[in-house]
Amino acid sequence: MPEAPPLAKPFRPLPVPRSTAEPERSLYAELHCKSNYSFLQGASHPDELVQRASDLGYAALAITDRNSLAGVVRAHVAAKAIGFPLLIGAEITPVDAPPVVLLAIDRAGYGRLSTLITLGRRHAPKGQCHITRRQIADHADGLIACVVPQSHSPDSLSFYREAFDDRAYLLAELHLGPDDQRQLAALQRLSQSTALPLVAANDVHYHVATRQPLHDVLTATRHHCSVAELRERRFPNAERHLKSAAKMAKLFAPCPEAIQRTREIASRCRFSLDELRYEYPHELCPTGVTPTEHLYRLTWQGASDRYPQGITPKVRGLIEHELALIAELKYEAYFLTVWDIVRFARSRGILCQGRGSAANSAVCYCLGVTSVDPDRIDVLFERFISRERGEAPDIDVDFEHERREEVLQYLYEKYGRDRAGMTAALITYRPRSAVRDVGKALGFSLDRVEKLAKNLDHITSDEQFAARFGEAGVDPTSRTGRQCLLLTQELLGFPRHLSQHVGGMVMTQGLLHELVPIENAAMPGRTVIEWDKDDLDALGLLKVDCLCLGMLSAIRRALEIVNRLHPRMTPLDLATIPAEDSAVYDMICQADTVGVFQIESRAQMSMLPRLKPRCFYDLVIEVAIVRPGPIQGDMVHPYLRRRRGEEPVTFPDDRIRSVLHKTLGVPLFQEQAMKLAMVAAGFTPGEADQLRRAMAAWRRKGGLEPFRQKLVDGMAGNGYDTEFAERVFKQICGFGEYGFPESHAASFALLVYVSAWLKHYHPAAFTAALLNSQPMGFYAPAQLIADARKHGVSVLPPDVNASAWDCTLENGVSGEWLEVSEKETRDKGQVASGETPSVAQPSTLNSQPSSSLRLGLRMVAGLPISAAEQILRVRQHGPFQSVDDFITRTGLGRGASQRLSRADAFASLGIGRRQALWQALPTHEPGSLFRNVPDHEQPAALPALSPAMEVTADYRTTGLSLRAHPFQFLREQVSVLGVVPAKDLESLPDGQRVKVAGLVLLRQRPGTAKGVTFVTLEDETGQVNLVIWQSVWDHHRRAARNANALLVSGHLQKAEGTVHVIAQRLQDLSEHLVGIPAHSRDFR
Amino acid sequence: MQPELKGQIVILHTPLDSRSPHVVLGNRKSLRQGVQPGMPLAEARSLVPRGRFLEHDPDADRERLRELAWECQRFTPRAGLEEADEPDCLFLDVTGCGHLFGDIRGLCLQIARYFRGRGYWVKGACSPTWGASLGLARNTASSTPRRDHSGERLFEIVTSEELSTRVAMLPVTALRLPVETLSMLAECGLRTVGQLLELPRSSLPSRFGTPLLLRLDQALGAVEELLTPEVPPQPIMVRQRWEYPIHAAADIELVLRELLERVLLELKKRQRVTQELRVAWKTETGEPEPLVIRLLKPTQSADKLGELLSLRQERFPLSGGVTSIEMELIPSLREAAKRNTLFEQDDTREAEFAHLIERLSQRLGEGAVMRSRLQPEAQPELAATSGPWLQTGIKTLRRASSRKNPNRESEPTGEPLSQSNALIATRPLRLLPNPERVANCILGSHALEHFRWRGHEYRVHDCSWPERIVTGWWRERSVHRDYYRIETEGGARFWVFQDLENHQWSLHGVYE
């Protein structure tokens, strides 16, 4: 479960135009200005700089971040909103010459600047840039160079002069230093001797002088010290802010032409980011076919495949409408790109599914991007394709988590690194990181800083800040406390560094690095552009999100096994799994959903018996309803009440009925909130989309306020009372970041259904697939296996003579086993398929449908896959006879054989784990003369393991035990204390005082639950759900937070088929279970 | 030694800037709260929010243990540290010491009482081998104040006859083995030394490594183990007493020379140098302040020390007759420098200069020889500091030699050096200790046209551009000033500033 990130994304309001109506701009333009995208150097947001420059009546402002164009889009958006002239450039710091500010004159020049930065960044480790003056000279066309004089070396100045000709200038920057007069005179002389015209600038680091303290903090952070220790590394005054033109003119009074030249340069730069025309890759269409024709052909072809019985009029209408809209907005290439990716994945057997309303369109269904029939749900195509804003649609495609990299590398390969890159993700300051850096800069002890940072968890409002400071022992009214508080708040939302987006890929027709600089990611083999998804959105650039999803891996594996075991006419896949099977829904209603996608969490499980899903759309609601969003908006209960008929289903009028009828009058999906705004308050689709974006960021300083007025007014205009309008607004706020779009829920619901179907009909195959896809999902292998056994699957332990790497299904009689390791089918080049004993004949297995689940060697902790492959290779020549035989034949080091002995994988040879370990222990000198001579040592008389110790050892080596539940050995002890086994709780009355005990499986504290912690215990009979109130938690903090096993007294709470124990006292039982490693999944 | 921590939950942890800070050790109170060694620090904090978290300093631990070993010389001349990366045990060789305390039992009781009296918890054991003693000590319950009367139970005493049976009873963890070996033994179900001894000896090394046999043999006495005793560094002290007081300065000087030669002889024998010499007197009238001579550069030279001594003598002639002189030389930790360079480095000038400072400081008093240093601070009052040369000199030396430097002073990278030289050129030679308010200010085309300072009226003839200094927001008071260099019509040059907050003018320095 994602935790609610406080003060989520920096949603920065757009600047307001200058109040005075005077059209004339002043004489001055600032040409050297860093934003906070020069990380830890600039101390103002780009929009703040633009706003301030506009307020001061500047002729223009250049954003020139250090070796970067990361901040220009934000500045561009801000400048565009108020019609302010913005120059695009960067401060380039070559390794062998003074720094130079490069400004783009035209599109070609911009492309060269971007290429230059790409060159420097690709050549250096992440975050750094290595540029030489030679490279600058090679990219000089279309750029203006303003040289920042440092140590006066006339040689490099004349170099710039030659490279840039009449486009080279010398910057004069005066900051009221010790001797400005002399410095200016020296610069004038230098300008004359080098023939570089002098131009005034101010090396701006922040928009107003009051940002000086924050800038000092950033500088201190950069130097890893406190502000007091900065000394000469900080600027001695606050003059590096945007100054009024009059002040600048006064500073440069002896040299007025330096001021005039700023405007001259500004007028030479004609480039605007609006000129960046995005071109979709062309190669997706066969030659001679336009993208429109190609998409038409593919769509209708797909449609006839999808609907062999004929296309329904509704679907036909949908396809026609969508194709027309796509053609109108020229998004064919985008859909073709997604189609191409999906096609590639299919060809490699990688399971994938699209998400998002554009993905859930009829066109995407026909293209095979999704498997959700548009007939089944009502999609709102406008959400991602907005007529008004010319913005690219957004389709997310989920791939199997282990194989997404193949897809990414395919894209890099297909388009080349010149044309494809990963979207950046901007890492910004959050309360904890901000207070950490500010605290350190103010010289707080590390101890105090840690305490402060810890206390700033889950902050949702500014008022909470001061209170939390107090709790951490920092008086927010003292001078330092106040400074720390204010600086922390100021620092919030500042960009800290660029990281890579989880899966956004950008592809272009032309060279990508002429569009935006590309740099190395921390991960090898990845390259990342400097812009994040908001920047791309703002410029209308195409991006496809390639995400990864563990469940897809598991489903693909399970389908493979099932298709092999039960060959049928058309192999099963996402779209052909029998739909609406009531037996599957019966299972879901009983919350028997361990391992099932999404609805396996405890919150979902407790909702299932109440919601009782009976059809696909119920699953869509189930997926969306258990989310922080709807809960916060106080909407879950109304829906349940209405569903059970406890509350009448009413609608204010028919317009609202049309929006909310599917969810019984309760808005549950993001689309409904938007549609409501459109239908009831008269929003245009574009405005509704803005509302959606604002919803995502409303926590940050009233981004929703303007919409509130508009919504309430609009609804009043349509005859709704204000009270109702306010309620709708409150609900919209409640969605926050988590309001789940119906279109995503629908894609997920399909996976829910498919996984539930597999679990119901093929539990062994499903469990094997889940185990082979670990880590994923909510439960550890031990719980998955326990659940499978509960469903009658027999499970066999990992064994050197029977297991493959993956978990497999084994024919119980012959001991032959069925190979499901796709690793080997994929790597056929390495292991010739004929050699592997693993490919059993499906026909022989088919006759014996009852097969058991053999755990694979992957369950053996620490065993590398290469060792497993070696074992399989050797084993074809006959099973292993002894540990010595195993060591001699496999040639594996003692690490592997020890791990296998510890995991009791030699048990089928009659050798217990201790004996096996003893035999595996001696080091065999490589190349020793006696290496192949069997060692006839007497078996050592080692003490035997007790059953409890065997179970403990099982847990330690494979994370589970097939022998017994560790708690079984404690049962006698605890039942003396009156502890009730989990399975008996069902039969006890509500409110009964009980004692329960078990291993801690998970601890969860949802951000919305007011400090309540949910803990699940497991004993040998089942699971117990605990509710722990904050006070109880605090009182028993140690046991509650850390224990592996707990003894809990409390009382029973039973409601609607769910059983909870409200804890009152907790006792740590860990010491009775020494050796069982903690497997609980805490706070995820 | 922090008495204020008594009674609190104290946890020692690895440095916070390490990759993953974790708990090294906690006191009993913290263990009771569930804190365990090796636990991530964040987790420990969540368990004991009120705990005191201190950084673990293994070097300090070792130092302290060494000091304890020195103290143990009251029980035996041979006391040393366990040989380990982070030792936590003392070895006392008590062979033949028992009878001094009654018997060996009495000795053990004394040792336990001594440490308990000093606020330590002790665990101990006494046996014929170091290995067995260590294993036994670590496997006995620690002493608690309550068990004061049954001292025998604190220290188990094992004779050579009992040795092998007692060692066999020990758990394998008592054998000083690496963690990996221990966990391997545990997995094979081998818990006691006895179980290990029953297995064929030849089967052990290939499975558990050779240290296992070594440790077994050490515990049983088959292999001898050596102890390196810790001996405290002794100050070199000589003393001269007279039955009748001596008065003549020449006599005293002669005695001092002789004493100095004796201490220096010892110093050379130890191959050390010194930076501090103390002389304590007894006279007929009492005990005057001892005389302390500190040096910038460590030395062995009798001439140099003698000269400094007599310079100092001159300043404080003794009144009355001297009955005793005690001279103490503290050997510095550094060894006498050995010249290994091929060519002699010419640092005579530096040495001479240091000697000059030392002589001046003896002659005039340490507080009279000051040294000022430039600080790279924007605020002029803070841009220079001064202090006694000898003290600051020695302090910086010490800091450079100490292991860790918390201030992490990295190289200045902000402003180029040339600029800071240019900066000094703009500063007045004489800065007033405090800026002085000027009166009768008249503003004009120059920032300041006319003013009065210390009763004189000045008319400004020329004035520089302003230099703005805005700094110190993190201090008690921040500073917002515009500085000007002005020249008066009389030719005097001053450094004045206007406070940007209250617009008052002040004079801060005089160019001469």
Side-chain angles (χ1 to χ4, degrees), chain A residues 150-151 174-182 209 212-213 216 219 223-239 441-443 446-447 450-451 454 479-480 483 898 902 913-914 917-918 921-924 937-938 940-945 949 953 1037-1039 1041-1042 1068, chain B residues 16-17 33-34 39 41-43 45-49 53-55 184 187-191 195 198-200 202-203 206-209 375-379 407-410 412-416 418-420 422-423 425-427 464-471 473-476 480 482-483 485:
Chain A
Q150 274 193 334
S151 45
L174 300 176
H175 300 118
L176 300 189
D179 209 345
D180 277 2
Q181 200 168 6
R182 191 189 308 198
Q212 187 202 22
D216 287 344
T219 313
H223 288 292
H224 307 289
C225 65
S226 72
V227 171
E229 289 162 355
L230 269 180
R231 293 158 174 256
E232 79 276 28
R233 286 171 291 181
R234 63 179 287 282
F235 297 129
N237 57 33
E239 292 304 293
L442 291 180
L446 289 177
D447 209 40
E450 281 307 307
K451 211 174 262 180
K454 198 151 193 67
R479 183 179 160 95
T480 327
Q483 283 175 341
Q898 279 175 28
R902 287 198 188 104
R913 62 174 19 117
R914 235 173 219 177
L917 182 66
W918 183 258
L921 269 179
T923 38
H924 295 267
E937 212 180 55
Q938 288 296 312
L942 299 175
L945 282 163
M949 282 154 81
R1037 181 192 282 267
R1038 180 183 159 198
R1041 179 72 188 80
N1042 286 20
D1068 190 351
Chain B
L16 282 174
D17 45 8
Q33 299 284 321
M39 175 184 270
L41 183 58
E43 200 173 329
R45 280 184 202 277
S46 75
L47 284 176
V48 278
F53 291 84
L54 304 171
E55 201 171 299
M184 199 69 83
E187 269 190 84
C188 290
L190 302 167
R191 301 168 65 86
Q195 282 175 313
E198 278 167 28
L199 292 168
S202 62
S203 69
S206 70
R207 289 183 168 86
F208 306 111
Q375 299 290 332
E377 280 285 350
Q379 196 172 334
N407 295 333
R408 245 194 279 163
E409 279 173 273
S410 47
T413 51
E415 301 281 308
S418 57
Q419 202 152 334
S420 57
L423 185 79
T426 63
R427 295 293 185 255
S464 72
W465 290 13
E467 173 187 353
R468 183 161 297 174
I469 289 174
V470 178
T471 188
W473 57 268
W474 61 92
R475 295 191 194 108
E476 283 302 302
H480 297 77
D482 269 355
Y483 277 91
R485 295 188 300 277

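Below, chain A is the first sequence line, B the second, and so on; all start at residue 1.
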Heavy-atom closest contact (A/Arg233 atom, A/Cys225 atom, distance): NH2-SG, 3.9 Å
Closest non-hydrogen atom pair, A/Ala238 against B/Val470: N-CB, 4.1 Å
Residue A/Gln181 versus chain B: region with a heavy atom under 4.5 Å: both
Contact winner vs chain B - A/Leu230, A/Leu945, A/Asp216, heavy-atom pairs under 4.5 Å: A/Asp216
Which of A/Arg902, A/Gln212, A/Arg182 touches chain B most, by non-hydrogen pairs under 4.5 Å: A/Arg902
Minimum heavy-atom distance between A/His175 and A/Asp180, given as atom pair plus value: N-OD2, 3.9 Å
Contacting region of B/Phe208 [heavy-atom separation from chain A under 4.5 Å]: side chain
Greatest number of heavy atom pairs closer than 4.5 Å to chain B - which of A/Gly177, A/Gly443, A/Ala209: A/Gly177
Most chain B-contacting option - heavy-atom pairs closer than 4.5 Å, from A/Gln898, A/Gln483, A/Arg479: A/Arg479
Side chain / backbone / both / neither for B/Glu198 at chain A, heavy atoms under 4.5 Å: neither
Shortest non-hydrogen contact between B/Ala378 and B/Ile469, atoms and distance: O-CD1, 3.5 Å
B/Trp465-A/Asp179 side chain donor-acceptor pair, cut-off 3.5 Å: no
Check ion pair B/Glu377-B/Arg475 (N to O, under 4.0 angstrom): yes
